[in-house]
Asks: 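Below is the structure I would like to discuss, written out as structure tokens.
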Amino acid sequence: MRAIFALLVPAMLAGCSSYRADPDQVRSVPVERLLAYQKPLAEAGQLVVNRDFGFLGGGCYVAVLVDRQVAARIGVGEVATFQVPPGERVIGIAADRDDPTLCGKGLLWRELAVPVAAGESRQLRIVSENRGGFAIRVDQP
């Protein structure tokens, strides 16, 4: 019995980590949840943010922040594209304060600085891990 328990617990914890979605499973964030950085800009760069599939926070939206402004509310398996001025942008994720459920009461706040050049497209990925929780990372597909 102990052997089964010893094998079952790590297997269950591994299931909490997120995984990259197949391209045919990814869907765009609906327009009503895209809140900023959607208008074309002259000399703009582009940020493309994908959220992995996973159990952790699977029923909750995550707020995507661009320069600390809420730019979108993103769900699992969704992608959002933002038009941003060139330069170093602060990209982050936070609990979705527009969600009236417990999801909006979380203490999530992660940021990273991402340099963006005019005409450049940068890929980012929102992951959830069983030990570290949510993170946003520059993606190398």
Side-chain angles (χ1 to χ4, degrees), residues 2-141:
R2 287 184 186 185
I4 292 172
F5 185 71
L7 294 173
L8 187 60
V9 170
M12 288 173 50
L13 287 176
C16 293
S17 293
S18 64
Y19 59 94
R20 183 186 305 271
D22 289 329
D24 60 330
Q25 292 178 317
V26 175
R27 60 194 184 283
S28 295
V29 172
V31 174
E32 62 271 9
R33 287 193 276 121
L34 293 171
L35 307 173
Y37 297 97
Q38 296 301 300
K39 295 180 182 172
L41 298 172
E43 303 294 317
Q46 191 176 63
L47 296 171
V48 180
V49 179
N50 282 284
R51 182 170 170 194
D52 280 2
F53 280 104
F55 181 73
L56 180 65
C60 302
Y61 295 128
V62 171
V64 176
L65 311 169
V66 177
D67 293 332
R68 297 193 173 113
Q69 175 187 354
V70 177
R73 300 171 65 218
I74 191 169
V76 295
E78 292 184 335
V79 62
T81 302
F82 306 102
Q83 305 300 315
V84 297
E88 190 166 87
R89 309 270 60 98
V90 177
I91 310 306
I93 54 175
D96 179 13
R97 299 293 175 221
D98 288 340
D99 188 337
T101 69
L102 287 177
C103 293
K105 310 294 186 255
L107 298 176
L108 173 63
W109 190 274
R110 306 279 187 274
E111 294 181 327
L112 70 138
V114 178
V116 181
E120 179 183 34
S121 182
R122 299 296 304 263
Q123 305 281 324
L124 295 114
R125 183 175 170 204
I126 299 171
V127 300
S128 58
E129 300 171 322
N130 57 349
R131 290 196 177 160
F134 282 100
I136 185 163
R137 299 183 178 135
V138 174
D139 195 13
Q140 308 297 332

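What you see below is based on every heavy atom in this structure, not just the backbone, and it leaves out hydrogens, waters and symmetry mates.
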Asks: Do Val62 and Arg51 come within less than 4.5 Å of each other through their side chains, counting heavy atoms only?
Replies: yes
Asks: List the residues meeting side-chain contact (heavy atoms from CB on, under 4.5 Å) with Ser121, not counting sequence neighbours, and say none if there are none.
Replies: Gln46, Val48, Gln123
Asks: Quick one: CD1 on Ile91 to CG on Leu112, what's the gap to the nearest 0.5 Å?
Replies: 7.0 Å
Asks: Do you know which two heavy atoms are closest between Leu34 and Ala72, and how far apart they sit?
Replies: CD2-CB, 4.0 Å
Asks: For Arg33, check salt bridge (charged side-chain N to carboxylate O under 4.0 Å, His left out) against everything at least two apart and list the hits.
Replies: Glu78
Asks: For residues Ala117 and Pro86, report the shortest heavy-atom separation together with the two atoms involved.
Replies: C-CB, 4.2 Å
Asks: Could you measure the distance from the CD1 atom of Ile93 to the CH2 atom of Trp109? Nearest 0.5 Å is fine.
Replies: 10.5 Å
Asks: Can you sort out the partners of Asp99 under side-chain hydrogen bond (donor to acceptor under 3.5 Å, both in side chains), two or more places apart, ordered by chain and number?
Replies: Thr101
Asks: Tell me the closest heavy-atom pair linking Arg122 and Pro115, and the distance in Å.
Replies: NH1-O, 2.7 Å
Asks: Looking at every non-hydrogen atom in both residues, tell me the closest pair between Gly45 and Val116 and how far apart they are.
Replies: CA-CG1, 3.6 Å
Asks: Provide the full list of salt bridge (charged side-chain N to carboxylate O under 4.0 Å, His left out) pairs with a residue in residues 35-47, sequence neighbours left out, each pair given once.
Replies: none
Asks: Residues two or more places apart in sequence or in another chain: which of them pass salt bridge (charged side-chain N to carboxylate O under 4.0 Å, His left out) with Arg137?
Replies: Glu129
Asks: Can you tell me how far apart CD1 (Ile74) and SG (Cys60) are? Round to the nearest 0.5 Å.
Replies: 14.0 Å
Asks: For residues Val114 and Val138, determine if any side-chain heavy atom of one lies less than 4.5 Å from a side-chain heavy atom of the other.
Replies: yes
Asks: Roughly how far, to the nearest 0.5 Å, is the CZ atom of Phe82 from the CG atom of Leu41?
Replies: 13.0 Å
Asks: Among residues at least two apart in sequence or on other chains, which ones pass side-chain contact (heavy atoms from CB on, under 4.5 Å) with Ala36?
Replies: Gln69, Ala71
Asks: Just jot down the side-chain hydrogen bond (donor to acceptor under 3.5 Å, both in side chains) partners of Thr81, sequence neighbours excluded, or say none.
Replies: none
Asks: Sorted by first residue and then second, give each salt bridge (charged side-chain N to carboxylate O under 4.0 Å, His left out) pair with at least one member in residues 63-77; sequence neighbours left out.
Replies: Asp67-Arg89, Arg68-Glu111, Arg73-Asp96
Asks: Would you sort out whether Leu47 and Leu124 count as a side chain to side chain contact (heavy atoms under 4.5 Å, CB included), showing the intermediate values?
Replies: CA-CA 7 Å; Leu47 296 171; Leu124 295 114; 3.8 Å; yes
Asks: How far apart are the closest heavy atoms of Pro85 and Tyr37, and which atoms are they?
Replies: CD-CE2, 4.4 Å
Asks: Under the criterion side chain to side chain contact (heavy atoms under 4.5 Å, CB included), which of Val64, Asp52, Asn50, Val76 is the partner of Ile126?
Replies: Val64
